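All values reported here derive from a predicted model rather than from experimental measurement. Side chains are part of it too, since the values below use all heavy atoms of this structure and drop only hydrogens, waters and symmetry mates. Here is the naming used below: chain letters follow the sequence lines, and residue numbers restart at 1 for every chain.
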Amino acid sequence: MEAATTATAAMVWLRKGLRVHDNPALDAARRGAGRLYPVFVLDPRYLRPDPAAASPGSARAGLARVRFLLESLTDLDARLRRLGSRLLLLRARDDVADAVCAALKDVSIRPSPPLSMQNLTGFFSSAVGYILTIASQWNIGKLCFESDTEPYALARDKKVTDFAMASGIEVFTPVSHTLFDPAEIINKNGGRPPLTYQSFISIAEEPPEPVMEEYSELPPVGDTGEYELLPVPTVEELGYGDISQEEIPPFRGGETEALRRMKESLQNKEWVAKFEKPKGDPSAFLKPATTVLSPYLKFGCLSSRYFYHCIQDVYRSARNYTKPPVSLTGQLLWRDFFYTVSFGTPNFDQMKGNKICKQYHRIYSPITFGKKYDPNGNYIRHFIPVLKDMPREYIYEPWTAPLSIQKKAKCIIGKDYPKPVVDHETASKECRKRMGEAYASGRLDAIPSKGKPSNLSQRKMSHGDQDASNSSIAKLLKRSRAE
DNA sequence: TTGACGTTGATAAA
DNA sequence: TTTATCAACGTCAA
């Protein structure tokens with residue numbers, strides 16, 4: 001007992017990866033640790049209600065996602081408690097990295113002004129005070145957290161890593177959110193992310209096996225000092241007011257639910273073996289044509305490697321099974337593909353400054369697309385009840401129905417349901433025309449004028465840029481010759 | 001160097 | 001109802 005209080009203390013900082021199974025960061029943190037502090041920092045940027053948001057939610061997440069996260073935290077806490085541990089929730093007043101640093105070591109680096117002087121209200125306003133008083137008592141010797149490739153996370157984690165290393169704390173950041181290490185894939189591809197699925201597949205080999213050690217117990221948390229034992233807040237406590245009208249999605253967060261859903265899907269071995277994504281019905285909502293496991297993978301309630309491993313198990317017992325890209329494993333590989341491309345592409349989430357962004361001539365028709373997958377319009381009938389009795393042949397264009405039909409369906413267009421805002425045919429043609437013009441003018445700017453190459457802009461380009469640019473120009477010239 | 005291909009979808013033509 | 005065409009470009013095989 002004496003040893004437990006003096007032995008090395010480790011912190012596992014949880015962000016995504018909200019699970020006990022296949023959690024290399026948790027596994028590394030508990031090894032040799034006398035005390036283990038499993039910490040999650042409530043991030044105001046992610047959780048604080050944003051009054052300016054178009055629908056209820058924070059600046060970064062909608063209410064459904066906020067709720068899913070809170071449910072996942074509740075479940076994780078319960079699962080840790082069964083192993084003699086528990087989840088320690090910290091509130092960041094503003095910056096998550098500051099909160100983690102403060103918990104790692106007695107922090108005098110960022111004295112916060114008295115709360116009364118700050119224009120802060122609500123759940124997150126009282127945060128840092130607690131952390132400052134507990135900090136020095138934890139004596140963390142080792143910090144483990146799962147690597148995260150998103151830009152916001154990279155900046156946040158660098159700050160924490162730099163601080164921890166400078167403080168003599170051992171830092172371990174395994175890759176376990178994706179099947180593969182995106183940085184390693186990019187390395188193997190010569191420093192650039194593979195930009196087609198096929199090239200990604202040819203580089204990727206077999207993903208690592210999941211770490212599936214069954215724990216009977218985890219090291220105790222030990223003395224939490226002055227730390228206020230904070231339960232997982234409710235959305236109401238976070239400051240989300242009148243949400244009684246909000247429909248709560250049927251998908252509950254958490255590792256327990258994730259594993260249950262996965263088992264349920266994988267039980268039907270024939271369905272698993274025959275799964276082909278393009279053959280699924282995207283309009284199916286009562287009985288989805290997919291596993292609906294992606295939100296669980298996103299928060300790491302389910303390990304993608306464990307899921308992959310379990311699918312392979314089913315394949316082994318099947319005579320025949322589908323292959324990537326359409327198969328279930330193919331879907332996991334798509335996820336890895338996009339994580340890799342986004343990690344290796346600056347400004348991936350924007351058109352501006354995004355070198356691989358293709359120019360968008362695709363206009364989806366709200367009429368044609370629906371008719372193809374859901375000719376009876378069941379989706380519309382469910383979510384827009386006023387249209388539920390509209391005959392099948394008019395369900396996608398109810399304004400074309402004769403008045404007698406509209407009356408019979410108890411839905412007069414212009415009264416019970418609005419008239420079309422635009423005429424799709426003319427609007428899409430106009431859009432297509434103007435996008436074409438904008439695209440053409442943009443491209444022409446990039447072509448050096450005859451006999452007078454604009455080497456000014458070319459000088460700034462790397463070899464790769466020149467190749468890409470020249471080949472585009474060649475194609476454009478070829479096209480204009482053909483015309 | 002060239003041509004074919006890719007989780008594609010919309011639309012016009014046949 | 002089926003088929004051809006378009007629009008983009010990285011990648012790979014020929």
Output the rounded distance in Å from [atom1] ([X]) to [atom2] ([N]).
X        : N      : atom1 : atom2 : result
A/Ile203 : C/dG10 : CD1   : C1'   : 12 Å
A/Phe200 : B/dT7  : CZ    : P     : 13 Å
A/Lys371 : B/dA10 : NZ    : C1'   : 13 Å
A/Phe337 : B/dG6  : CZ    : P     : 15 Å
A/Tyr197 : B/dT7  : OH    : P     : 8 Å
A/Arg192 : C/dC9  : CZ    : C1'   : 14 Å
A/Ile201 : B/dG6  : CD1   : P     : 14 Å
A/Tyr396 : B/dA10 : OH    : P     : 12 Å

Please state the [atom1] separation for the pair [N] and [M] - nearest whole angstrom.
N     : M     : atom1 : result
B/dG6 : C/dA7 : C1'   : 14 Å
B/dT7 : C/dT3 : P     : 22 Å
B/dC5 : C/dT5 : P     : 15 Å

A/Ser176 side chain to A/Glu146 side chain, donor-acceptor N/O pair below 3.5 angstrom:
yes
Using a distance-only test with no angle check, is there a side-chain donor-acceptor pair under 3.5 angstrom linking A/Asp336 and A/Tyr308?
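Not at all, the side chains of A/Asp336 and A/Tyr308 share no donor-acceptor pair under 3.5 Å.
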A/Trp334 aromatic ring stacked with six-membered ring of B/dT7, 5.5 Å and 30°:
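The base of B/dT7 is stacked with A/Trp334 (centres under 5.5 Å, planes under 30°).
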Strand DNA chain C as a dot-bracket string - pairs counted if Watson-Crick or G-U with both distances under 3.5 Å, | where the partner lies in another strand:
|||||||.||||||
Would you say A/Gln198 reaches C/dG10's phosphate, i.e. side-chain N/O to OP1/OP2 under 4.0 Å?
no
Any donor-acceptor N/O pair, A/Ser265 side chain to A/Met262 backbone, under 3.5 Å:
no
Among [options], which nucleotide sits nearest the side chain of [X]?
X        : options               : result
A/Leu195 : B/dT7, C/dC12, C/dG10 : C/dG10
A/Pro325 : B/dA10, B/dT7, C/dC12 : B/dT7
A/Phe338 : B/dT11, C/dC12, B/dT7 : B/dT7
A/Thr196 : B/dT7, C/dC12, C/dT11 : C/dT11

Using a strict 4.0 Å threshold on nitrogen-to-oxygen distance, state whether A/Arg261 and A/Glu264 make a salt bridge.
no
Name the nucleic acid region contacted by A/Pro278, choosing base, sugar-phosphate or nothing; use a 4.0 angstrom heavy-atom cut-off, strictly under.
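Base, at least one base atom sits under 4.0 Å.
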Hey, do the aromatic rings of A/Tyr296 and A/Phe307 have their centres closer than 6.0 Å?
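Judged by ring-centre distance (under 6.0 Å), A/Tyr296 and A/Phe307 do not meet the cut-off.
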Please check if the distance between the ring centroids of A/Phe251 and A/Phe68 is under 6.0 Å.
no
Take the angle between the ring planes of A/Trp334 and A/Tyr197 and call it parallel below 30°, perpendicular above 60°, tilted in between.
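Parallel: the ring planes of A/Trp334 and A/Tyr197 meet at under 30°.
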Plane angle bin for A/Phe275 and A/Trp271 - parallel if under 30°, tilted between 30 and 60°, otherwise perpendicular:
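Taking A/Phe275 first and then A/Trp271, their aromatic rings stand perpendicular (interplane angle over 60°).
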